[in-house]
Amino acid sequence: MAKGTNGIAVRASGAPALEIEADLLALPVFEDELRGGGAGQVRALDALLDGAVRAAAKAERFEGKAGQELRLDANGKVPAGRVLLLGLGARAKASEALAASGYEPLRAAAGQAGRAAVKLGAKALAVAIPELGGGDAALAARASAEGALLGAYAFRRYKTDDRPPALAALIVGVPAGAERTRAVKDALALAQEIAGAVTWARDLVNLGPADCTPTLLAETAAALAKQAGLHVEVRGPKELQALKMGMFLGVARGSAEPPRLVRVSWIPRGAAARKRPLVLVGKALTFDSGGLSLKPTDSMVTMNTDMAGSAAVLGAMRVVAALEPPFPVHAVLGACENMPGGRAYKPSDVLVSYAGKTVEIVNTDAEGRLVLGDVLAWAAETLAPAAIVDVATLTGACMVGLGLTTAGLFGPEGPLVDQVLAAARAAGEDVWRMPMTEALEEQLKSDRADLKNTGERFGGAITAAHFLHAFVKDVPWAHLDIAGPSHARKERGYVPKGGTGFGIRTLVELVRRYDA
Ligand code: BES
Ligand code: MN
Ligand code: ZN
């Protein structure tokens with residue numbers, strides 16, 4: 001049994017689900033398995049428990065709807081002490097949507113199971129994949145493992161009662177014989193890599209800004225690079241000055257924390273090293289107070305998570321190091337704080353960007369695009385990228401438009417945006433394509449300089465994307481605005497409260513499918 005990066009060992013079992021030994025057995029079930037006399041696993045379990053399943057389902061109105069759960073006491077009649085039925089919704093709808101969504105309903109149900117296992121103090125959790133009728137057992141196993149591992153996550157860094165986590169083993173129930181296949185073994189190994197990276201990123205996002213400073217972010221990136229066999233390069237204020245990154249330095253000026261420009265790189269051996277790289281750029285504001293255009297109290301509370309984009313690209317690099325793709329991949333982040341103060345940049349300042357364009361500041365809270373503009377222009381100029389994908393908690397407008405669980409995807413027409421969208425679908429992350437409405441680009445025209453840093457309120461996520469576009473020149477580029485899904489207000493499925501690690505699964509899938 002391989003020890004996962006979460007400290008939870010994961011294996012597949014081809015035994016009938018009801019015979020798997022564990023402290024908690026989770027059975028995701030479709031609605032039709034509860035109708036009439038019950039069907040499939042529900043019928044089998046009901047027979048073993050002398051009708052207790054149907055009775056409990058009736059009493060608690062468990063119908064197998066998505067998100068519903070039913071806890072049962074197995075009374076020694078099943079090797080697993082406790083059984084948890086998890087609703088998957090209607091089979092017809094689900095099975096159609098299942099493959100297309102990267103088996104996301106299974107990931108969500110397994111996430112609930114992971115959370116329940118932690119609450120119950122279970123040492124071993126078994127999650128069975130349901131009867132799929134022609135579905136892909138390996139992909140279903142991967143989604144279930146990811147869901148359970150991610151659902152079991154808890155951020156305990158600032159809790160003084162040190163309760164060591166009890167959950168030590170995850171058994172994924174697969175069709176008989178499938179447990180021995182390479183496809184299932186590889187799928188579970190990938191699930192462990194991904195869950196390890198996502199929980200690592202969540203930890204980083206959940207830190208307070210006094211702990212997660214630009215310096216710490218750079219040190220964390222360097223430690224990751226050392227551990228994973230990646231290259232790393234860190235630059236400080238003097239070097240940023242020499243590079244003339246006027247927008248990045250402008251944002252950083254109000255803070256006592258020195259900024260850091262960080263590059264983490266996977267370079268394959270041999271001729272592949274000379275291929276054009278894929279470049280991942282992450283927004284890395286370790287705290288966004290708004291600057292002199294100060295945020296209201298309530299909006300500021302979660303602004304420690306304004307570096308979630310950088311946590312996502314660094315987390316993705318962890319997995320990239322394990323995947324060893326035959327082309328270079330770079331992660332680049334410009335880390336700093338946006339603070340008010342005597343030295344802070346001001347509305348009406350004009351900053352000279354790395355690219356040479358001048359930018360009139362009208363709102364110091366539109367800081368992410370300034371830092372990203374310099375970092376993108378630098379990456380485009382110095383790394384000869386085949387493509388750049390940036391991930392950023394960029395605008396509240398994107399949350400207004402798409403809600404808190406969906407990321408906005410922006411970029412000019414071309415294969416890259418389609419590839420990112422397809423990768424997100426396959427990875428089970430909720431991403432929606434947004435338009436680059438030309439009329440909105442006009443709003444960035446300035447009377448005093450080449451550009452100004454914001455337009456009107458309406459379409460704010462799109463004007464922000466236009467601003468970034470002005471700095472990538474003609475490099476194929478896609479932008480993910482993750483302001484909504486980077487952080488969760490309430491737990492759901494495999495998503496805990498706080499940092500979610502959103503974006504890593506999409507980036508990893510993009511790298512897996514990328515054809516350099
Ligand atoms: N970091 C914020 C965006 C954000 C808001 C992320 C809420 C997560 C949750 C960004 O720097 C910002 O302040 N954007 C402004 C832009 C505006 C001033 C044009 C916004 O969205 O209000
Ligand atoms: Mn801001
Ligand atoms: Zn910000």
Side-chain angles (χ1 to χ4, degrees), residues 205-206 209 212 214 217 247-248 250-255 257 259 281-312 333-340 344-349 359-375 390-408 410 434 440-441 443-444 446 451-468 479-489 497-500 502-503:
V205 173
N206 286 330
C212 185
L217 210 46
M247 296 197 293
F248 185 0
V251 173
R253 233 162 55 198
S255 167
E257 293 291 339
V281 174
K283 176 169 171 181
L285 265 290
T286 59
F287 191 69
D288 178 12
S289 71
L292 290 170
S293 312
L294 198 65
K295 284 183 186 294
T297 306
D298 291 347
S299 315
M300 212 189 287
V301 180
T302 56
M303 281 303 130
N304 61 314
T305 68
D306 210 17
M307 37 58 71
S310 69
L333 39 121
C336 67
E337 281 186 339
N338 185 22
M339 295 290 282
Y345 80 134
K346 308 169 186 73
S348 77
D349 265 343
V359 178
E360 177 187 16
I361 303 305
V362 289
N363 188 327
T364 64
D365 199 9
E367 85 298 336
R369 63 196 74 183
L370 300 171
V371 178
L372 287 168
D374 273 351
V375 172
D390 80 73
V391 186
T393 49
L394 203 61
T395 68
C398 202
M399 303 159 75
V400 173
L402 294 175
L404 294 177
T405 55
T406 306
F410 302 80
M434 298 286 277
L440 287 165
E441 195 182 350
Q443 296 183 2
L444 294 174
S446 159
L451 287 170
K452 55 182 183 176
N453 77 328
T454 68
E456 289 162 22
R457 191 158 62 93
F458 302 112
I462 301 171
T463 35
H466 276 300
F467 188 92
L468 299 183
H479 156 60
L480 274 174
D481 192 332
I482 61 163
S486 62
H487 179 268
R489 293 179 190 187
K497 269 190 206 174
T500 61
F502 188 96

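Counting begins at 1 with the first residue of the sequence. Order of listing sets the numbers, starting from 1, for every ligand and every atom in it. All values below come from the heavy atoms of this structure, side chains included, with hydrogens, waters and symmetry mates left out.
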Trainee: Could you check whether any heavy atom of M307 sits closer than 4.0 Å to an atom of ligand 1, since that is the contact criterion I want to use?
Mentor: no

Trainee: Any heavy-atom pair between the side chains of L285 and C336 that's under 4.5 Å?
Mentor: yes

Trainee: Restricting to side-chain hydrogen bond (donor to acceptor under 3.5 Å, both in side chains), what partner residues turn up for S299, sequence neighbours left out?
Mentor: none

Trainee: In terms of residue, atom name and distance, what is the protein heavy atom nearest to atom 5 (C) of ligand 1?
Mentor: M303 CE, 3.7 Å

Trainee: Between D390 and K283 (salt bridge meaning N to carboxylate O under 4.0 Å), is one present in this structure?
Mentor: no

Trainee: Nearest protein heavy atom to atom 21 (O) of ligand 1, by residue and atom, and its distance?
Mentor: G396 N, 2.6 Å

Trainee: Only one of L292, N453, D349 clears side-chain contact (heavy atoms from CB on, under 4.5 Å) with T364; which?
Mentor: L292

Trainee: Just list the side-chain donor-acceptor pairs under 3.5 Å for residues 456-464, sequence neighbours left out, or say none.
Mentor:
from, atom 1, to, atom 2, distance (Å)
E456, OE1, Q443, NE2, 3.4
T463, OG1, G459, O, 3.4
T463, OG1, G460, O, 3.1

Trainee: Between T286 and M307, what is the shortest heavy-atom contact and its length?
Mentor: CA-CG, 3.9 Å

Trainee: Is D288 in polar range of ligand 1, meaning some N or O pair under 3.5 Å apart?
Mentor: yes

Trainee: May I ask you to test the Y345-V251 pair for a side-chain heavy-atom distance under 4.5 Å?
Mentor: yes

Trainee: Drop me the distance from M303's CE to H487's NE2, to the nearest 0.5 angstrom.
Mentor: 8.5 Å

Trainee: Considering only heavy atoms of T393, which atoms of ligand 1 have at least one such atom less than 4.0 Å away?
Mentor: 1 (N), 2 (C), 3 (C), 6 (C)

Trainee: Is D365 close to ligand 1, meaning an N/O of one under 3.5 Å from an N/O of the other?
Mentor: yes

Trainee: Given the rule in the side-chain contact (heavy atoms from CB on, under 4.5 Å) test, do D481 and L402 qualify, once you have shown the distances and angles that lead to the verdict?
Mentor: CA-CA 10 Å; D481 192 332; L402 294 175; over 6 Å; no

Trainee: To check your reading of the model: name the closest protein heavy atom to atom 16 (C) of ligand 1, its residue, and the distance in Å.
Mentor: R369 NH2, 3.8 Å

Trainee: Which atom names give the shortest non-hydrogen contact between A407 and F502, and what distance separates them?
Mentor: CB-CE2, 3.6 Å

Trainee: I need the atoms of ligand 1 closer than 4.0 Å to a non-hydrogen atom of K283, numbered in the order shown.
Mentor: 1 (N), 10 (C), 11 (O)

Trainee: For ligand 1, which atoms have a heavy atom of M399 less than 4.0 angstrom away?
Mentor: 7 (C), 9 (C)

Trainee: At a 4.0 Å threshold, what atoms of ligand 1 neighbour a non-hydrogen atom of E367?
Mentor: 11 (O)

Trainee: Looking at NE2 of H466 and CG of L440, how far apart are the two atoms once the value is rounded to the nearest 0.5 Å?
Mentor: 6.0 Å

Trainee: Judged by atom type as modelled, is there a donor-acceptor pair below 3.5 Å linking the side chain of D374 to the main-chain atoms of M247?
Mentor: yes

Trainee: Give every protein N, O or S atom lying under 2.8 Å from the Mn ion (ligand 2), naming each by residue and atom.
Mentor: D288 OD2, D365 O, D365 OD1, E367 OE1

Trainee: Run the numbers for me: atoms of ligand 1, each under 4.0 Å from some heavy atom of A483, listed by number.
Mentor: 6 (C), 8 (C)

Trainee: Just to be sure I'm reading this right: ignoring hydrogens, which of T302, L394, T364 gets closest to atom 3 (C) of ligand 1? Compare them by their nearest heavy atoms.
Mentor: L394

Trainee: Under the side-chain contact (heavy atoms from CB on, under 4.5 Å) rule, what do R369 and T454 come out as? Steps first, then yes or no, please.
Mentor: CA-CA 9 Å; R369 63 196 74 183; T454 68; 4.0 Å; yes

Trainee: Test T393 against T305 for side-chain contact (heavy atoms from CB on, under 4.5 Å), laying out the working first.
Mentor: CA-CA 8 Å; T393 49; T305 68; 5.5 Å; no

Trainee: Are there any protein N/O/S atoms under 2.8 Å from the Zn ion (ligand 3), and if so, which?
Mentor: K283 NZ, D288 OD2, D306 OD2, E367 OE2

Trainee: May I ask you to list the atoms of ligand 1 that are less than 4.0 angstrom from any heavy atom of D306?
Mentor: 1 (N)

Trainee: What protein heavy atom is closest to atom 19 (C) of ligand 1, reported as residue, atom name and distance in Å?
Mentor: T454 CG2, 3.5 Å

Trainee: Indicate the atoms forming the closest heavy-atom contact of G290 with N338, along with that distance.
Mentor: C-ND2, 3.3 Å

Trainee: To the nearest 0.5 angstrom, please state how far the CG atom of D306 sits from the SG atom of C212.
Mentor: 11.0 Å

Trainee: Which heavy-atom pair separates L217 from A335 by the least distance, and what is that distance?
Mentor: CD2-CB, 4.1 Å

Trainee: How close does the nearest protein non-hydrogen atom get to atom 18 (C) of ligand 1, and which residue and atom is it?
Mentor: N363 ND2, 3.3 Å

